[in-house]
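Read the structure below first, then the notes.
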Amino acid sequence: MACMSDSLLDPLRARYDVVVVGAGHNGLTAAAYAARGGRSVLVLERADHVGGAAVSARPFAGVDARLSRYSYLVSLLPRRVVDELGLPVRLVRRRWSSYTPVADGGLLVDTQDDAATRASFRRLTGSDADFEAWGRFYAMTAEVARRLAPTLTEPLLPRAAVRDLVTDGVGEEAWRALFEEPLGEVLRRTFADDVVRGVAATDGLIGTFADVDEPSLRQNRCFLYHVIGNGTGDWDVPVGGMGAVSGALRDAAVAAGATIVTSATVTAVDPGAVGAEVAWTDDGGRTRGVTAGHVLAGCAPAELDRLLTGAGRGAASGAVAGGSGPGGVAGPGPEGAQLKVNMLLTRLPRLRDDVDPVAAFSGTLHVNESLTQLQDAYAQAAAGRIPDLPPSEIYCHTLSDRTILGPSLAGTEAQTITLFGLHMPARLFRANPDGARDRALAATLASLNTVLAEPIEDVLAVDADGAPCLEVRTPVDLEGDVGLPGGHIFHRDLSWPFAEAGSGDGDAGGAAGSPAERWGVATAHPRVLLAGAGARRGGGVSGIPGRAAAMAILETSAP
Ligand SMILES: Cc1cc2nc3c(=O)[nH]c(=O)nc-3n(C[C@H](O)[C@H](O)[C@H](O)COP(=O)(O)OP(=O)(O)OC[C@H]3O[C@@H](n4cnc5c(N)ncnc54)[C@H](O)[C@@H]3O)c2cc1C
């Protein structure tokens, strides 16, 4: 991602209509919409590049492979945002949604061949019952998606309105299953097979450290966001990698007139009556200040609380989206729970099954993710241990898009692999980050090797220094690298996609709230709005909260 530090070439103004903290993809989205609406916009980004957790990078010395370093698949980015901003983003649909190796066989879900999928279910489970249940269950989630997705780019609806939308169109049972009963109960009732239950459960656990039976329903919210994207719940491959998505958003923001400064760390936000004062340090370490009509926090709510507290504003002055601080952070801080491993392979490893490796690796390949295995791993991690058999999922980008490989790799069998390990909470890494990282990686690769016919280590490419092409990041690493508090990939646990009474969403979605309340981006300070993943309806690569923040600004004030 190109670094833009134009402060020397183009002296900054003393005041902007909008100052955006953080040039993650949501900050960039907010900047693009606000600038297109005629507002003067300054984006300040701490890193020397834009994109936040949606970036591409060449992590291996001397190897010309640009991997989506953190996030890798796109589902939640609305077509509406792509069209409104004219983003040249290309997404590739994956034919095989998942493959789950089990002993010497496995479960392959082929979205284009029902007969093959039915046969695969029958081989694994011994009957057609779970295949039929699978069809019914995902037809239900698809119908909920079709109804709910368009609401994500509109002001918040009250809970009752979303309930009506679901119950009138899909049925009471759909509402109960997705919004009221713990995911674990629903999956046990729906499917008989432990592996089938687990494959479905993973969507509730990616980025959410939870027991599937938790009364908090955090796992349900995570599941919901994994099945409603763009009205289909499909997870597509961004051509050129995730950096192409953020790059398109950066270009849209700049084309609309926004100024983006990288290596610019915001140190305090003081929301005054006539303008918010934003203090920041530039790439030379100099302290700077700028006045903002509005501040849009593309950073995490916990970071916003810190910035407001730094300005002497205190953190317990308001509530939004389920918390008590201006950014809505209450109780213990957010905690991520994933181990991310990026790899370059000389070729795909052999599997025990005779499944086509292209089919197995181009969708999501589930490793030791039966419901029992997931629950065991959760219990061990919650007790402070690295799980014995870490569950994970892997996916190969280059089977769908080889544009991320340079010419030296283009004609080879090389493949990039992304591994997303579940149930590796930040708490496991705090005391001994390096030692725990090594142990977590060893356990994760050993777990992966239980489903392969040859060790993954045998097919790892080596970089220019002779080191294996393998990059591993714990939640603690992500906290340092990307500024995700606790390494939480959604900035904090996801919230329901509707207004909730007592949450700071105005009158819980009624028309009487302020624009920021109605869009789900309010803080205790009228001039400071959430614009990142921690806002209501945030999380994932979507641009939804960034757009919502800009919409609220454009409704609030004239340029
Ligand atoms: C390993 C991993 C895998 C993931 N996989 C997927 C996936 O496949 N699909 C998907 O949809 N989502 C995925 N996600 C989640 C998704 O990437 C994030 O939820 C989303 O990118 C968050 O975007 P954002 O713009 O809101 O915030 P961020 O990307 O976190 O950006 C915030 C920006 O603010 C900057 N910042 C913070 N504090 C300051 C400050 N004081 N001053 C200046 N700048 C500051 C940061 O440097 C950062 O650039 C994944 C995340 C991770 C970490």
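These values consider heavy atoms only, across backbone and side chains, with no hydrogens, waters or symmetry-generated copies. Owing to the predicted nature of the structure, the values given are computational and were not obtained by experimental measurement. One-based numbering, in listed order, for ligands and for the atoms of each.
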Notebook entry, point to check: Taking N or O atoms only and a 3.5 Å limit, does Tyr72 qualify as a polar contact for ligand 1?
Noted result: yes
Note to self: Could you tell me, atom by atom, which parts of ligand 1 come under 4.0 Å of a heavy atom of His491?
What the structure shows: 26 (O), 27 (O), 28 (P), 30 (O)
Next item on the list: Answer yes when Lys340 and Glu471 have at least one side-chain N-carboxylate O distance shorter than 4.0 Å, and no when they do not.
Entry: no
Checklist line | Of Val41, Leu554, Leu529, Val43, the residue whose pairing with Val18 passes side-chain contact (heavy atoms from CB on, under 4.5 Å) | finding: Val41
Notebook entry, point to check: Quick one: do Glu479 and Arg430 make a salt bridge, cutoff under 4.0 Å?
Noted result: yes
Next item on the list: Decide whether an N or O pair under 3.5 Å exists between Ala23 and ligand 1.
Entry: no
Next item on the list: State whether the shortest distance between N or O atoms of Trp235 and N or O atoms of ligand 1 falls below 3.5 angstrom.
Entry: no
Notebook entry, point to check: Quick one: do the Thr232 and Asn230 side chains pair a donor with an acceptor below 3.5 Å?
Noted result: no
Next item on the list: Quick one: look up the protein heavy atom nearest atom 31 (O) of ligand 1 and list residue, atom name and how far away it is.
Entry: Gly24 CA, 3.3 Å
Notebook entry, point to check: Under 3.5 Å, is there a donor-acceptor pair linking the side chains of Thr29 and Asn26?
Noted result: no
Next item on the list: Note the single closest protein heavy atom to atom 24 (P) of ligand 1, along with its residue, its atom name and the distance in Å.
Entry: Asn26 ND2, 3.6 Å
Notebook entry, point to check: Considering distance alone, does some N or O of Leu478 sit under 3.5 Å from an N or O of ligand 1?
Noted result: no
Notebook entry, point to check: What is the ring orientation for Tyr395 with Tyr72, classed by angle as parallel under 30°, tilted 30 to 60°, or perpendicular over 60°?
Noted result: parallel
Margin query: Between ligand 1 and Leu76, is the shortest N or O to N or O distance under 3.5 Å?
Written below: no
Note to self: Going by salt bridge (Lys or Arg N to Asp or Glu O under 4.0 Å), Glu154 matches just one of Arg537, Arg80, Arg518. Which one?
What the structure shows: Arg80
Notebook entry, point to check: Looking only at heavy atoms, is any part of Phe420 under 4.0 Å from ligand 1, and if so is it the side chain, the backbone, or both, or is it neither?
Noted result: side chain
Item checked: Qualifying residues under salt bridge (Lys or Arg N to Asp or Glu O under 4.0 Å), relative to Arg90, sequence neighbours excluded -> none
Margin query: Given the ring of Tyr16, does Arg13 sit roughly above its face, with NZ or CZ under 6.0 Å from the centre of the six-membered ring and within 45° of the axis?
Written below: yes
Notebook entry, point to check: Which heavy atom of the protein is the closest neighbour of atom 13 (C) of ligand 1, given with residue, atom name and distance?
Noted result: Ser71 CB, 3.3 Å
Margin query: The test is side chain to side chain donor-acceptor pair (under 3.5 Å); show your working for Thr202 and Glu369 and say whether it passes.
Written below: CA-CA 7 Å; Thr202 54; Glu369 289 188 327; 4.5 Å; no
Check: Can Arg221 and Asp493 be counted as an ion pair, charged N to O under 4.0 angstrom?
Finding: no
Check: Are any of the N or O atoms of Val74 closer than 3.5 Å to those of ligand 1?
Finding: no
Note to self: As an exercise, identify every atom of ligand 1 less than 4.0 angstrom from a heavy atom of Leu44.
What the structure shows: 43 (C), 44 (N)
Check: Counting distance only, does the side-chain N/O of Thr287 pair as donor-acceptor with the main-chain N or O of Thr281 below 3.5 Å?
Finding: no
Checklist line | Protein heavy atom at shortest distance from atom 29 (O) of ligand 1 | finding: Ala53 N, 2.8 Å
Next item on the list: Could you tell me whether Arg93 and Asp234 have a side-chain N and a carboxylate O separated by less than 4.0 Å?
Entry: yes
Margin query: With nothing but distance in play, are any N or O atoms of Ala47 less than 3.5 Å from an N or O of ligand 1?
Written below: no
Check: Near Ala533, which atoms of ligand 1 are under 4.0 Å from a heavy atom of that residue?
Finding: 19 (O), 22 (C), 26 (O)
Checklist line | Numbered atoms of ligand 1 (with element) below 4.0 Å of Val541, judged on heavy atoms | finding: 10 (C), 11 (O), 12 (N), 17 (O)
Notebook entry, point to check: Between Leu484 and ligand 1, does any nitrogen or oxygen pair lie at a separation below 3.5 Å?
Noted result: no
Margin query: Please report whether ligand 1 has a polar contact with Thr265, defined as an N or O pair separated by less than 3.5 Å (distance criterion only).
Written below: no
Next item on the list: Apply side-chain contact (heavy atoms from CB on, under 4.5 Å) to the pair Val541 and Met242, showing each step before the final yes or no.
Entry: CA-CA 9 Å; Val541 176; Met242 208 49 103; 3.8 Å; yes
Next item on the list: Enumerate the atoms of ligand 1 whose separation from the nearest heavy atom of Lys340 is less than 4.0 angstrom.
Entry: 1 (C)
Next item on the list: Could you check atom 49 (O) of ligand 1 against the protein and tell me its nearest heavy-atom contact, residue, atom and distance included?
Entry: Glu45 OE1, 2.7 Å
Check: For atom 20 (C) of ligand 1, which of Ala54, Gly540, Gly532 has the closest heavy atom?
Finding: Gly540
Check: Can you find an N/O atom of Ile489 closer than 3.5 Å to an N/O atom of ligand 1?
Finding: yes
Next item on the list: For Gly298, take its heavy atoms, then give the atoms of ligand 1 lying under 4.0 Å from any of them.
Entry: 27 (O), 32 (C)
Next item on the list: Enumerate the atoms of ligand 1 whose separation from the nearest heavy atom of Val482 is less than 4.0 angstrom.
Entry: 46 (C), 47 (O), 48 (C)
Notebook entry, point to check: What atoms in ligand 1 come closer than 4.0 Å to a heavy atom of Ala264?
Noted result: 43 (C)
Margin query: Given His25, Arg46, Gln338, identify the one with the heavy atom nearest to atom 36 (N) of ligand 1.
Written below: Arg46
